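Down below is the structure, laid out as structure tokens.
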Amino acid sequence: MAYTPCNGNAMLVTDSYKVTHNQQYPPNTKTVFSYFECRGGKFKESCFFGLQYIIKNWLSGVVVTEEKIVEAKDYLDKHFGPGVFNEAGWRYILEKHGGKLPMRIRAVPEGTVVPVKNVLFTVENTDPECFWLVTWFETILVQAWYPITVCTNSREQKKILRKYLDATAESSDGIGFKLHDFGFRGVSSAETAGIGGAAHLVNFMGTDTLAALTVARDVYGLSKDTVAGFSIPASEHSTITSWGKNEELGAFTNMLDKFPTGLVACVSDSFNIWEACTKLWGGTLKDKVSGRKGTLVVRPDSGHPPEVVVKCLELLGSKFGTSMNSKGYKMLPDFIRLIQGDGIDAEMLESCLAHMAAFGWSADNLAFGSGGGLLQKLNRDTMKCAYKCSWVKVGDEARDVSKDPITDRGKKSKRGRLTLEDVNGTLTTMENGDPAKDVLTTVFENGELTVDQSFEDVRKRAEVSEQGPLQPFQSSEGWVKEFDNWAKEMGLEIVSKASLYKPSSSVADALKTVGGDIGKNLTKEEVEEALKELTAVNEKLTALAKKF
């Protein structure tokens, strides 16, 4: 039997303790007003997305029925013991409002980019008998943290890509296909894949997460004449290694024969990525690759990404030749490109691009794939997302309310009825501000979705502009120091890259350098010794951190 979370019952889609909260507010409470914000964290701004999914899935239409009340009562009487479940409150909603929720949600238009520490949406009850609904639905509404964080994370990587494309490429027109979603298998559920994948597609058009396509169409009204994301034929290790180690050439040839035109990607690190680039793609198959009507995308899938990317580009360039674009950066021929799909998150993506530029390669030679770093290595604290009550009405008295714990001033909440206003070009939260200037709009009221936002409009609001020039760059990574020796071993004729290396001057850079060297033929004893030293360093850093 198919399963729907909480059996689709809105009376079960909450934290247990909230079932008791209707009894805890001051007597004669009439209205509760709460808000959601990103209080800070990893990014300086948020790209708002995903609330419409929650509204359509959990709040819209008739959500309270006799059957669902009976079901909720059965679960909660057993969960708490009899008498805790607010059966009368839910029956009131069924009888007075026909099972529709007497609440109002006002939100910034989806796709809008808002500085952190600002209100993104507000929630209040529209019937004084149902003040308790506002915090009851906090649990499901706060799950907006996930699509917001994925969308923001994806957009931050688009900003990085835009910066390097503007500096090293003829155009940034192809940016929509520069970060491909590989994350379906790495998330916790198909639903998560759909929500997170759609959040990524706000910013890009490449994906292998099919669940994202249905969310974009079914929740955000994308035309059935198209899809939100696209993909290309591509191999995986099983389709290459099943030919056998001595038949990798046959596997590569088969890829070119079966997909003779257009884009095709082939994983090439099953055995020896350097030989794959030089002896196979750039050797035996060189004429077949160069004569093909389309582009072969070579995919390394192991090793330290910046090192592997630069070395693959150098090897492919030595075999297929390069040209210099108008900005002075090297380009491979149009028929061959590279995709790095292993170990990519925002930091690693920039490291790859910075090293490429330093070695004279245009960012347009490379696309990225990202899985866990895009959809899963995130949590609610990545952007410090929170939902707090800021105003209540008790009897005829309006009260501004907030929290301000002495143990963490960063958790101080906002007070009053909040608005989001444009102040000299910057979206700014105002406590008890001017409703006429409020950027927030009513998107849900009394059981009805009042604004059905389209995927196209969301994408337009989230667009990324020019990001400024590149900063001077030198690398502290050990492979850069040894690059000239590697190039000599590989028979490459290059201008020395020794000047790109600069020894680390910080503990963090030193650790990054060490991390880049891990995995190079270490023995068991060496690994055990290294772990002991790492534990000692970790203990010292942890002790220092406690002093701040």
Side-chain angles (χ1 to χ4, degrees), residues 1-25 32 34-36 49-80 84-94 97-105 107 120-127 130-149 187-196 198-199 211 215 218-219 379-380 385-389 443-449:
M1 183 178 71
Y3 172 73
T4 301
C6 298
N7 294 334
N9 191 334
M11 284 165 277
L12 296 175
V13 66
T14 193
D15 298 312
S16 297
Y17 77 142
K18 288 187 175 295
V19 177
T20 69
H21 289 179
N22 64 296
Q23 303 177 54
Q24 299 176 29
Y25 286 93
V32 173
S34 293
Y35 72 96
F36 177 97
F49 179 74
L51 178 63
Q52 184 160 292
Y53 177 91
I54 296 170
I55 292 174
K56 285 188 173 183
N57 213 40
W58 289 106
L59 307 181
S60 292
V62 175
V63 300
V64 182
T65 64
E66 177 64 29
E67 292 76 17
K68 289 180 177 179
I69 292 174
V70 171
E71 178 188 46
K73 177 176 169 56
D74 176 63
Y75 272 106
L76 294 171
D77 280 356
K78 292 181 174 68
H79 187 51
F80 283 104
V84 175
F85 175 56
N86 184 16
E87 181 179 0
W90 290 106
R91 288 198 176 279
Y92 174 85
I93 293 171
L94 176 60
H97 298 283
K100 294 184 177 181
L101 300 173
M103 293 196 309
R104 179 183 300 114
I105 301 176
L120 295 174
F121 64 85
T122 64
V123 185
E124 65 180 316
N125 56 293
T126 58
D127 183 328
C130 301
F131 62 88
W132 48 273
L133 275 182
V134 175
T135 52
W136 180 285
F137 284 106
E138 173 185 355
T139 307
I140 194 65
L141 287 168
V142 167
Q143 289 191 352
W145 77 263
Y146 178 67
I148 292 169
T149 305
V187 294
S188 60
S189 68
E191 183 182 24
T192 306
I195 298 167
V215 171
D218 297 344
V219 179
N379 56 51
R380 187 163 65 92
C385 297
Y387 180 105
K388 298 299 174 187
C389 173
V443 296
F444 173 85
E445 187 163 12
N446 297 331
E448 302 296 336
L449 183 77

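In this text the structure is predicted, and so the values were computed from the model without any measurement. In this chain, residues are counted from 1 in sequence order.
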Looking at Gln143 and Ile54, would you say the former's side chain and the latter's main chain have a donor-acceptor pair under 3.5 Å? no
Which residues pass the side chain to side chain contact (heavy atoms under 4.5 Å, CB included) test with Val63, sequence neighbours left out? Ala10, Leu101
Taking C-beta and beyond as the side chain, do Ser34 and Thr135 meet within less than 4.5 Å on heavy atoms? yes
Could you tell me which residues satisfy side chain to side chain donor-acceptor pair (under 3.5 Å) with Lys68, sequence neighbours excluded, listed by chain and number? none
Can you list the residues that meet the side chain to side chain donor-acceptor pair (under 3.5 Å) rule with Arg91, with sequence neighbours excluded? Glu66, Glu87
d(Ile140 CD1, Thr14 OG1) to nearest 0.5 Å is 9.0 Å
Results of salt bridge (charged side-chain N to carboxylate O under 4.0 Å, His left out) for Glu138 - residues two or more places apart only: Lys18
Pairing residues for Tyr53 by the ring pair (Phe, Tyr, Trp, His ring centres under 6.0 Å) criterion, not counting sequence neighbours: none
Between CG of Asn86 and SG of Cys130, what distance do you get to the nearest 0.5 Å? 9.0 Å
Is the backbone of Glu124 close enough, under 3.5 Å, to the side chain of Arg104 for a donor and an acceptor to pair up by distance? no
side-chain contact (heavy atoms from CB on, under 4.5 Å) for Cys389 and Val134? Distances and angles first, verdict last. CA-CA 9 Å; Cys389 173; Val134 175; over 6 Å; no
What pairs with Ala198 under side chain to side chain contact (heavy atoms under 4.5 Å, CB included), at least two apart in sequence or on another chain? Phe49, Val215
Under the side chain to side chain donor-acceptor pair (under 3.5 Å) test, which residues partner Asn57, sequence neighbours left out? none
Apply side-chain contact (heavy atoms from CB on, under 4.5 Å) to Leu51 and Leu141, showing your working. CA-CA 7 Å; Leu51 178 63; Leu141 287 168; 3.8 Å; yes
Residues that Asn446 engages under side chain to side chain contact (heavy atoms under 4.5 Å, CB included), provided they are two or more places apart: Pro102, Thr126
Who are the side chain to side chain donor-acceptor pair (under 3.5 Å) partners of Ser60, not counting sequence neighbours? none
Do you know which two heavy atoms are closest between Phe444 and Leu449, and how far apart they sit? CD1-N, 4.2 Å
Roughly how far, to the nearest 0.5 Å, is CE of Met11 from CH2 of Trp136? 8.0 Å
Residue pairs passing the ring-ring contact (aromatic ring centres under 6.0 Å, His included) test with at least one member in residues 6-25, sequence neighbours excluded, are Tyr17-His21, Tyr25-Phe131
Walk me through it: do Asn22 and Phe85 pass the test side-chain contact (heavy atoms from CB on, under 4.5 Å)? CA-CA 10 Å; Asn22 64 296; Phe85 175 56; over 6 Å; no
Set of residues satisfying ring pair (Phe, Tyr, Trp, His ring centres under 6.0 Å) with respect to Phe121, sequence neighbours excluded: Phe36
Side chains of Tyr75 and Asn9: donor-acceptor distance under 3.5 Å anywhere? no
Who passes side chain to side chain contact (heavy atoms under 4.5 Å, CB included) against Ala193, sequence neighbours left out? Phe184, Val187, Thr209, Ala211
